[in-house]
Amino acid sequence: MTEEYTPPKVWTWNKENGGTFASINRPVSGATHDKELPVGKHPLQLYSLATPNGQKVTIMLEELLAQGHSGAEYDAWLIRIGDGDQFSSGFVSANPNSKIPALMDHSVSPPRRVFESGSILLYLAEKFGAFLPRDPAARTEAMNWLFWQMGAAPYLGGGFGHFYAYAPVKIEYAIDRFTMEVKRQLDVLDKHLADNRFMAGDEYSIADMAIWPWYGRLVTGGAYGDAATFIDAQSYKNVLRWQAEIAERPAVQRGVMVNRTSGDPSEQLWERHDASDFDTRTQDKLEPQS
């Protein structure tokens, strides 16, 4: 049995005790170095990485373009959070919280910053009048689930994912505590989706775009090693049905590729500056073939 930890009267930062993400986690905010963000040719400039939070926004942008909203054309610039890109002076100006994604809207003057993934989804939905129901009851339901996800995901990623997959030591109490909460969340989703095609009813919305990259990825084995087996993900049949339907959408398939730096090279589009990049600029086409 490990020795019981007694917290000190005043906490101090131990840089060597941060586990997998020790190099990027710190108890203070602000920039660590001066570097301006690049700006491309399109109205919307996205600075991101293909984490679940990043994928929410690239899915939304690709869905808007698929609907014919030409004003949603965007440049997606890669922010390597493992290298600390999010602590540049330019990124901190776009998001003082130093978290991806961050969006700059250059279609207005002066350019407008939008940060926090849920805020970006809502901003784009209202800007283009899309993927947010007009009916007040359905709109409210979509907003309910959007904010549910924003509050619930820290338990999934910061809690369960950290202690199950990333923490330097396995702590039974922490894993049990967060596994219980994640399974409760999946049960909430499964019961809701038993009676609803999408999160806000029959209409696909930003609520689905917010929830799918997190929970869809989890139940299909795409997150935290063998976590899908550990949580018995196959028992959430309605979540799996919903996940599969959304995964078939072409805009979703494009969106999850943007700013992706791992996995199959043919599914990695490090930066996106034109729709043709999906055909010509994936890593399998840029890297020498063995």
Quick one: does N259's side chain have a donor or acceptor within less than 3.5 Å of a partner on W270's backbone? yes
For K56 and Q149, what are the C-alpha separation, side-chain angles and deciding distance, and is it a side chain to side chain contact (heavy atoms under 4.5 Å, CB included)? CA-CA 11 Å; K56 295 177 192 178; Q149 189 280 325; 2.7 Å; yes
Can a donor-acceptor pair be found, under 3.5 Å and without considering hydrogens, that links the side chain of D85 to the backbone of I79? no
Measure from the side-chain N and O atoms of R241 to the backbone N and O of L193, and report whether any donor-acceptor pair falls under 3.5 Å. yes
How many angstroms lie between CD1 in I120 and CE in M60, if you round to the nearest 0.5 Å? 11.0 Å
Please tell me if the side chains of Y204 and M209 come closer than 4.5 Å, counting only heavy atoms from C-beta onward. yes
Side chains of F131 and D208: closer than 4.5 Å at any heavy-atom pair? no
Using ring-ring contact (aromatic ring centres under 6.0 Å, His included) as the criterion, point out the one residue from Y155, F178, Y173 that pairs with F163. F178
From H162 NE2 over to I175 CD1, what is the distance, rounded to the nearest 0.5 angstrom? 10.0 Å
So NZ of K191 and OH of Y236: to nearest 0.5 Å the spacing works out to 10.0 Å
Side-chain contact test, heavy atoms from C-beta onward, threshold under 4.5 Å: evaluate it for E181 versus F160 and give yes or no. no
Centres of the W145 and Y215 rings: under 6.0 Å? no
Would you check if the side chain of W77 reaches a backbone N or O of E271 as a donor-acceptor pair within less than 3.5 Å? no
Kindly determine whether W214 and L218 satisfy side chain to side chain contact (heavy atoms under 4.5 Å, CB included), including the steps that lead there. CA-CA 6 Å; W214 281 97; L218 178 66; over 6 Å; no
Given 3.5 Å as the limit, does a donor-acceptor pair link the side chain of S98 with the main chain of Q86, or not? yes
Can you check whether G222's main-chain N or O pairs, donor with acceptor, with R217's side chain at less than 3.5 Å? yes
So how far is it from L124 CG to L132 CG, rounded to the nearest 0.5 Å? 11.5 Å
Are R272 and F278 in a cation-pi setup, meaning NZ or CZ lies under 6.0 angstrom from the ring centre and within 45 degrees of the ring axis? no
Testing L103, N97, L122 for side chain to side chain contact (heavy atoms under 4.5 Å, CB included) with E116, which one passes? N97
Close side-chain approach of Q45 and P38, heavy atoms under 4.5 Å: no
Assess the residue pair R139 and S205 against the criterion (side chain to side chain contact (heavy atoms under 4.5 Å, CB included)); give the C-alpha distance rounded to whole Å, side-chain angles, the decisive distance to 0.1 Å, and a yes or no. CA-CA 9 Å; R139 176 188 171 92; S205 73; over 6 Å; no
In terms of side-chain heavy atoms, does T282 have a donor or acceptor partner in D284 at a distance below 3.5 Å? yes
So how far is it from I59 CD1 to R254 CZ, rounded to the nearest 0.5 Å? 11.0 Å
Please enumerate all residues that pass salt bridge (Lys or Arg N to Asp or Glu O under 4.0 Å) together with D75, with sequence neighbours excluded. none
Please confirm whether the backbone N or O of K35 pairs with a side-chain atom of S89, one donor and one acceptor, at under 3.5 Å? yes
Listing, residues 224-233 side-chain donor-acceptor contacts under 3.5 Å, not counting sequence neighbours, or none:
{"residue": "D226", "atom": "OD1", "partner": "Y164", "partner atom": "OH", "Å": "2.5"}
{"residue": "D232", "atom": "OD2", "partner": "S235", "partner atom": "OG", "Å": "3.4"}

State, with a plain yes or no, whether a side-chain heavy atom of D277 is found less than 4.5 Å away from one of D274. yes
Within a strict 4.5 Å, meaning less than it, do heavy atoms of the D105 and K127 side chains meet? yes
If you count the non-hydrogen atoms of other residues, nucleotides and ligands that lie under 6.0 Å from CG in D83, is the total more than 12? yes
Under the side chain to side chain contact (heavy atoms under 4.5 Å, CB included) criterion, do M257 and Q253 qualify, and how do the steps go? CA-CA 7 Å; M257 293 172 61; Q253 294 171 6; 6.0 Å; no
Is there a side-chain contact between L189 and H192, using heavy atoms and a 4.5 Å cut-off? no
Less than 6.0 angstrom from the centroid, inside 45 degrees of the normal: does R112 satisfy that with respect to the ring of Y123? no
Let me see the working for D187 and K183 under salt bridge (charged side-chain N to carboxylate O under 4.0 Å, His left out), right down to the final yes or no. CA-CA 6 Å; D187 193 51; K183 287 182 68 66; over 6 Å; no
Any link between W212 and V188 through a network of hydrophobic side chains (Ile, Leu, Val, Met, Phe, Trp, Tyr) touching at under 4.5 Å? yes
Below 4.5 Å, heavy atoms only, C-beta onward: do E203 and D135 meet side chain to side chain? no
Sorted by chain and residue number, the salt bridge (Lys or Arg N to Asp or Glu O under 4.0 Å) partners of E63 (sequence neighbours excluded) come out as R249
